[in-house]
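Following: one structure in structure tokens, then a few remarks.
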Amino acid sequence: TELEDLLNKMFIFILQGRVCDDAVIYINGGKLTPLNKLDIKGVPVDVRPIIVGNTLMKIAAAIGKRSVAHKLKDILGAEQVSEMKCGQEGMILATRLIMEFIKNNPEYCLVGIDWENCFNKILRRKMLDLVHTHIPALYPITYQLYGKKTILITVNGVEIEFKNGLQQGHVLSNILLGLLQKDFNSK
């Protein structure tokens, strides 16, 4: 149909990184929603700002991600289990099995590492360089997302500019974080 053709052209346009600079800072941003961050017992300990990004940008990113999905296992390897079939589920189940095993074996322990606020502290230039090197097909849209400032809008309508960090929960975030983790682990 005519609508499908128009949407297809628009997604190609976005994937090629061709959205004008004046518009890109807004379609890449989003509205901040404050959600309670819970501790292990489910008690609120902090507020986590979550961004609901632009739907069209997310769909375009999902199309781009799908176009390189066959390469991600080789590129990211063990650093990004969420890109493998049943990856996150498998990790949760494996962790539960390990915890059950070590519960009665005092000579073993399980160590979990949490990169505190890692999504907010990422230096975008490094991440963009890694995308350019390892997943060049995603570079245009990734540059469009993170090459310049991002505008986030609070619940009160206040605009906040961000020049660092990734949008947690964005379609590409786990791939981008996986590239950074792989680079970190190689040093």
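Numbers here are sequence positions counted from 1. As the structure is a prediction and not an experimental result, all values here were calculated from the model.
- One distance of note links NZ of K71 with CG of L76; it measures 12.5 Å at 0.5 Å rounding.
- Between the CG atom of L180 and the CG atom of L123 there is a distance of 9.0 Å, given to the nearest 0.5 Å.
- Other residues, nucleotides and ligands contribute only 12 or fewer heavy atoms inside 6.0 Å of the CD atom of E2.
- Placement of L138 and F13 within a single hydrophobic cluster is found when ILVMFWY residues are connected by side-chain heavy-atom separations under 4.5 Å, directly or transitively.
- Residues that satisfy the salt bridge (Lys or Arg N to Asp or Glu O under 4.0 Å) test with K103, not counting sequence neighbours, are E100.
- Put simply, I12 and L3 are part of two different groups of oily side chains (I, L, V, M, F, W, Y) that touch within less than 4.5 Å, one to the next.
- Both L7 and I59 belong to a common hydrophobic cluster when Ile, Leu, Val, Met, Phe, Trp and Tyr are linked at side-chain heavy-atom distances under 4.5 angstrom.
- Taking a cutoff of 4.0 Å between a charged side-chain nitrogen and a carboxylate oxygen, K9 and D5 do not qualify as a salt bridge.
- Here I141 contributes atom CD1 and F11 contributes atom CZ; the two are 10.0 Å apart, rounded to the nearest 0.5 Å.
- With sequence neighbours left out, the salt bridge (Lys or Arg N to Asp or Glu O under 4.0 Å) criterion links D183 to K126, K187.
- Side-chain contact between V131 and Y146 is absent, with no heavy-atom pair separated by less than 4.5 Å.
- Taken to the nearest 0.5 Å, the CG atom of L145 stands 8.5 Å off from the OG atom of S173.
- Between the CG atom in L72 and the NE2 atom in H134 there is a gap of 12.5 Å [rounded to 0.5 Å].
- Closest of all the heavy-atom pairs between V68 and A137 is CG1-CB, 3.9 Å.
- Listed here is the closest heavy atom pair of L56 and M10: CD2-CE, 3.6 Å.
- Within the 4.5 Å cutoff, no side-chain heavy atoms of K182 are placed close to those of I75.
- A donor-acceptor pair is defined here as one N or O able to donate and one able to accept, closer than 3.5 Å; such a pair exists between the side chain of R124 and the backbone of K148.
- In this structure, L172 and K65 approach most closely via the heavy-atom pair CD2-CB, 3.9 Å.
- The two residues Q144 and G17 have their closest heavy-atom pair at OE1-C, 2.9 Å.
- The ring pair (Phe, Tyr, Trp, His ring centres under 6.0 Å) search around F101 returns Y108, not counting sequence neighbours.
- Note that the CE atom of M127 and the CG atom of L179 stand 9.0 Å from one another [nearest 0.5 Å].
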